[in-house]
Amino acid sequence: MLLFAYLILYFLLVFVLRSVLLWKKTGINPLTFKKTNNAHDYNGKVFKFITAFELIIIGIYAFKNEWYEYLLPFWYLENPTLQKIGWILLFVSLIVVWISQSQMASSWRIGIDEKNKTKLVTKGVFSISRNPIFLGIMIANIGLFLVIPNAFTLLIISLSTLSVNTQIRLEEEFLKREFGNEYTEYAEKVRRWI
């Protein structure tokens, strides 16, 4: 139950609250995914699927524990130490994502915004990683796996890795077009992940 509540809080803070705050401040909807089938919008559908899938898996764990065996748990990884490490990673993830979003300020978006001009953020955590928000999300996925190690949380890590890496490459191409040499120089100094 605690894990489910934490996940809901996580999504409310880093997606809903951040989106509402940005919209109130700028009048811009930060959610940029549309209903087309181009690579960017298709990836948005994959993100939504992964989120819903994650909620279902954690919902089963929280509310239908008798079904948990059908999630193919890795019983040999179920131990208190790994669970504690998983919880630490979940909290670290929230902090990393929240700080990263704060440092992006009005430039933060969910996806690629080709309509509204933003600034290239290169300071703070962005001087360590070009993608600290995605890094935070991947840390959360690993944390979730350590808290409830099963075939489906491992699948979430796999799907997220593919989807996030696709999104990063799409965003990099956009940033090269949008910021030219400024982005190229930044990319030469700061690694994609860490």
Side-chain angles (χ1 to χ4, degrees), residues 2-26 28-33 40 43-58 83-113 116 118-148 153-172 174-175 186-187 190-194:
L2 180 61
L3 184 60
F4 188 80
Y6 180 80
L7 183 71
I8 296 296
L9 177 68
Y10 188 100
F11 284 120
L12 287 174
L13 287 174
V14 302
F15 295 113
V16 177
L17 179 61
R18 279 290 179 192
S19 296
V20 170
L21 291 174
L22 183 68
W23 177 73
K24 282 190 164 196
K25 182 178 178 184
T26 65
I28 295 170
N29 179 359
L31 183 61
T32 64
F33 296 110
H40 174 258
N43 210 36
K45 292 172 189 168
V46 173
F47 282 144
K48 287 178 190 172
F49 170 79
I50 292 169
T51 302
F53 188 60
E54 203 167 32
L55 283 169
I56 291 167
I57 299 307
I58 296 169
Q83 281 192 326
K84 285 176 188 166
I85 292 169
W87 274 105
I88 290 168
L89 290 176
L90 286 168
F91 284 114
V92 166
S93 166
L94 181 58
I95 292 165
V96 168
V97 172
W98 187 264
I99 290 171
S100 302
Q101 290 173 323
S102 298
Q103 291 177 351
M104 283 193 82
S106 296
S107 294
W108 177 71
R109 300 289 188 275
I110 301 173
I112 298 170
D113 187 351
N116 302 291
T118 61
K119 294 178 183 175
L120 180 64
V121 180
T122 60
K123 304 233 183 281
V125 291
F126 289 88
S127 67
I128 301 167
S129 170
R130 295 197 319 257
N131 298 285
I133 294 172
F134 288 133
L135 178 62
I137 290 169
M138 294 310 297
I139 290 170
N141 290 334
I142 293 166
L144 175 63
F145 174 76
L146 292 176
V147 173
I148 53 170
T153 52
L154 183 60
L155 180 60
I156 287 168
I157 291 174
S158 303
L159 293 174
S160 291
T161 300
L162 290 171
S163 185
V164 162
N165 278 293
T166 299
Q167 189 64 27
I168 286 172
R169 281 163 175 75
L170 292 170
E171 290 184 10
E172 285 175 346
F174 169 74
L175 292 169
Y186 169 62
V190 180
R191 294 171 64 93
R192 180 177 283 150
W193 290 101
I194 48 173

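Everything numeric here is computed off the predicted structure, so don't read it as measured data. Just so you know, residue 1 is the first one in the sequence shown, and it goes up from there.
Distance alone, capped at 3.5 Å, is enough to place a donor-acceptor pair between the Ser107 side chain and the Lys119 backbone. The closest donor-acceptor contact from the side chain of Tyr10 to the backbone of Ala140 lies at 3.5 Å or more, if one exists at all. Between the side chain of Ser129 and the main chain of Phe126, no donor-acceptor pair closer than 3.5 Å is present. A donor-acceptor pair under 3.5 Å is formed between the side chain of Asn131 and the backbone N or O of Arg192. Ser93 places no side-chain N or O within donor-acceptor distance of the main-chain N or O of Leu89, the cut-off being under 3.5 Å. Under the 3.5 Å distance criterion, the side-chain polar atoms of Ser100 are matched with a main-chain donor or acceptor of Val96. One N or O on the side chain of Arg191 and one on the backbone of Ile194 form a donor-acceptor pair closer than 3.5 Å.
Within the 4.5 Å cutoff, the side chain of Ile137 has no heavy atoms near those of the Phe47 side chain. Contact annotation: the side chain of Asp113 approaches that of Ile28 to within less than 4.5 Å [non-hydrogen atoms, C-beta and beyond]. Inter-residue side-chain proximity for His40 and Thr32 is flagged as met; some heavy-atom pair is nearer than 4.5 Å. Counting heavy atoms from C-beta outward, Ile148 and Ile58 have side chains that approach closer than 4.5 Å. With contacts defined as side-chain heavy-atom distances shorter than 4.5 Å, the pair Ser102/Trp108 does not qualify. Two residues are said to be in side-chain contact when any heavy atoms from C-beta on lie closer than 4.5 Å; Trp98 and Arg18 meet this criterion.
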Show, in sequence, the C-alpha distance, side-chain angles and deciding distance for Trp87 and Leu2, and conclude whether the side-chain contact (heavy atoms from CB on, under 4.5 Å) test is met.
CA-CA 11 Å; Trp87 274 105; Leu2 180 61; 3.9 Å; yes

Step by step, would you call Thr166 with Asn43 a side-chain hydrogen bond (donor to acceptor under 3.5 Å, both in side chains)?
CA-CA 8 Å; Thr166 299; Asn43 210 36; 4.8 Å; no

Phe4 and Leu55: side-chain contact (heavy atoms from CB on, under 4.5 Å), yes or no, with the steps?
CA-CA 8 Å; Phe4 188 80; Leu55 283 169; 4.3 Å; yes

Verdict with reasoning, Ile156 to Phe145, per side-chain contact (heavy atoms from CB on, under 4.5 Å)
CA-CA 9 Å; Ile156 287 168; Phe145 174 76; over 6 Å; no

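When every heavy atom of Leu144 is checked against every heavy atom of Leu90, the shortest pair comes out as N-CD2, 4.0 Å. For Ser160 against Ile50, the heavy-atom pair with the smallest separation is OG-CG2, 3.6 Å. The two residues Asn29 and Trp23 come nearest to each other via the heavy atoms N-CD1, 4.1 Å. Across all non-hydrogen atoms, the minimal contact from Leu146 to Gly86 is CB-CA, 3.7 Å.
The distance from atom CG of Leu3 to atom CD1 of Ile57, rounded to the nearest 0.5 Å, is 11.5 Å. A distance of 9.5 Å separates CG of Leu175 from CZ of Arg130, quoted to the nearest 0.5 Å. Note that CG of Leu12 is 11.0 Å distant from CZ of Phe15, once rounded to the nearest 0.5 Å. With rounding to the nearest 0.5 angstrom, the CG atom of Leu22 is 11.5 Å from the CG atom of Leu31. The CZ atom of Phe53 sits 9.0 Å away from the OG1 atom of Thr153 when rounded to the nearest 0.5 Å. For the atom pair CG of Leu21 and CD of Gln101, the computed distance is 10.0 Å after rounding to the nearest 0.5 Å.
Between Phe134 and the options Asn165, Ile139, Val164, a side-chain contact (heavy atoms from CB on, under 4.5 Å) holds for only Val164.
Every residue was checked against the side-chain hydrogen bond (donor to acceptor under 3.5 Å, both in side chains) condition with Lys48, not counting sequence neighbours, and none meets it.
Within a 6.0 Å sphere centred on CH2 of Trp193, other residues, nucleotides and ligands contribute more than 12 heavy atoms. Atom NZ of Lys84 has 12 or fewer neighbouring heavy atoms from other residues, nucleotides or ligands inside a 6.0 Å radius.
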